[in-house]
Amino acid sequence: MMRVRASRDERTPVRANDSEHHVKLTLTGERAERGIPLADFESFIDAFIAALRDYDGARRGEATRKAGHPERRADAASAFRLVRVDTGSAIATLVPEQLDEPEDTPELGDLPLALTNLASLVNDVAQQREVPEDVVDALERARRACGEHGAIEVDLPEEVAPDGPVLLDRDRIARLARPPASGPAAVESVSGRLHAVNLEPDRMAIRSGDGVEWACRYEEALEPKVRSLLGEVVWARGEGRLTGPLRGSMRVEGIEPVVHGRQTELFTPERVPLDVLLERQGIGSPQGLDALEDDAWVGDDADERYLAAMTGSSAM
């Protein structure tokens, strides 16, 4: 069995609160009973990092399994650092590494991106939500690095995972790989607050009123309008789909501000007495339905019969 524990290393430039961000991974299986071979450990690390990077990219609407050197965001989403390996049961210690995180991470607060990304992935697995196929494949490779019946128990800080450890075993990962009963719901438009914009590449994030976070791509021609609408409530149209209960992706073809109603002087906070309203409108007595007639209107027999029924008069 191999235990991986995250803690603070004083030589590592981490955030002030990183000493509280302990992550423990317990690896079990035929190849992890008395430590783990270095080659298998390397396979586990490669697959684990791939799962984190693909998951973060997929929830922002990007393609998984990208070729070439990883982007800054991908590095930040998987930035854990090995600082110590103990003897005996092979206990390895990791810390979230402080990187120059990109500007499109406004949701992080004081938590490192790598920690929040891992917590979100583990929560999706625990709730058996839809997870991209490439992420499922990477998790399966990481599990199999520990043996045919290998498993990974993930124990995260209570602030990001209050329900306790989650076991990623063969059965749970296999259930993730099954196709959902119905495909992701397709959408043609979304509305919500445009709260994040990344100009290179052309991406933005819209949070709808029902809490869904929409990761959107947009054409370069829309950039000036997107810039001007940052922080505003917008209506975007294009091709999109829900990828989870609170996540979606969309390729935006057009975007407009949501026009808010303007309260004119017709409406007042204080109640206006009825006699004052009648006087303002020049009404001195009940007008009846005849007041609705338009002298210039010409209708057919059916219209005349309908109007007669409404006014209680005889149709001509």
Side-chain angles (χ1 to χ4, degrees), residues 51-64 66 71-74 76-79 101-136 156 159-163 176 180 182-219 222-223 225-227 229-258:
L52 290 175
R53 289 176 174 173
D54 283 349
Y55 176 78
D56 179 69
R59 66 175 177 165
R60 293 183 297 117
E62 295 183 354
T64 55
K66 284 187 175 181
E71 300 173 351
R72 286 173 53 205
R73 171 82 188 210
S78 58
E101 292 172 352
E103 296 178 356
D104 62 339
T105 56
E107 74 279 4
L108 296 181
D110 293 330
L111 297 177
L113 173 59
L115 180 61
T116 58
N117 185 46
L118 175 59
S120 182
L121 170 58
V122 170
N123 186 54
D124 278 356
V125 174
Q127 301 298 324
Q128 291 292 284
R129 300 187 183 117
E130 182 185 359
V131 176
E133 182 179 355
D134 290 341
V135 178
V136 176
L156 290 157
E159 61 184 305
V160 294
D163 295 331
L176 286 175
S182 59
V187 298
E188 297 180 350
S189 65
V190 298
S191 63
R193 188 168 300 279
L194 175 58
H195 68 88
V197 174
N198 187 9
L199 302 179
E200 294 182 2
D202 299 327
R203 296 189 178 92
M204 61 184 175
I206 298 174
R207 184 175 294 114
S208 62
D210 56 0
V212 176
E213 184 74 12
W214 290 93
C216 305
R217 298 182 181 185
Y218 62 91
E219 299 298 327
L222 292 175
E223 183 175 303
K225 181 172 287 188
V226 169
R227 283 175 177 265
L229 294 176
L230 180 60
E232 301 294 328
V233 177
V234 300
W235 174 70
R237 66 182 186 279
E239 297 180 1
R241 64 187 181 94
L242 283 169
T243 58
L246 294 177
R247 285 191 297 276
S249 62
M250 170 174 276
R251 180 177 294 277
V252 174
E253 300 172 354
I255 185 170
E256 301 292 340
V258 173

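Both backbone and side-chain heavy atoms feed into the values below; hydrogens, waters and symmetry mates do not. Since the model is a prediction, treat every value here as computed from it, not as a measurement.
For the atom pair His195 NE2 and Leu230 CG, the distance stands at 10.0 Å (nearest 0.5 Å). Atom CD of residue Glu256 and atom CG of residue Leu229 lie 8.0 Å apart, to the nearest 0.5 angstrom. Taking CD of Glu219 as the reference point, atom CD of Glu253 lies at 8.0 Å (rounded to 0.5 Å). Here Leu118 contributes atom CG and Leu156 contributes atom CG; the two are 5.0 Å apart, rounded to the nearest 0.5 Å. The CZ atom of Arg207 sits 14.0 Å away from the CH2 atom of Trp214 when rounded to the nearest 0.5 Å. Annotation: the span from Arg203 atom CZ to Arg73 atom CZ amounts to 10.0 Å, rounded to 0.5 Å.
Between Ile206 and Cys216 there is a side-chain heavy-atom pair separated by less than 4.5 Å. Residues Ile255 and Met204 have side chains in contact (heavy-atom distance under 4.5 Å, counting atoms from C-beta outward). In this structure, Glu232 and Leu194 have side chains that are not in contact, with every pair of non-hydrogen atoms separated by 4.5 Å or more. Two residues are said to be in side-chain contact when any heavy atoms from C-beta on lie closer than 4.5 Å; Asn123 and Val160 fail this criterion.
The neighbour count for Glu239 CD, taken as heavy atoms of other residues, nucleotides or ligands under 6.0 Å away, does not exceed 12. Surrounding CD of Gln128 are more than 12 heavy atoms belonging to other residues, nucleotides or ligands, all under 6.0 Å away.
Counting all heavy atoms, side chain and backbone alike, Pro132 lies closest to Ala58 at CG-CB, 3.3 Å. Contact record, Arg193 with Gly231: NH1-O, 2.6 Å, taken as the closest heavy-atom pair. When all heavy atoms of Ser78 and Arg53 are compared, the pair lying nearest together is OG-NE, 2.9 Å.
Side-chain atoms of Asn117 come within 3.5 Å of backbone N or O of Ala77 as a donor-acceptor pair. Tyr55 places a side-chain N or O within donor-acceptor distance of the main-chain N or O of Ser120, the cut-off being under 3.5 Å. Checked by atom type and distance alone, the side chain of Thr116 pairs as donor or acceptor with a backbone atom of Leu113 at under 3.5 Å. In this structure, the side chain of Arg217 does not engage the main chain of Val252 through any donor-acceptor pair within 3.5 Å.
The side chain to side chain donor-acceptor pair (under 3.5 Å) check on Arg251 picks up nothing, with sequence neighbours excluded. Residues that satisfy the salt bridge (Lys or Arg N to Asp or Glu O under 4.0 Å) test with Glu223, not counting sequence neighbours, are Arg227.
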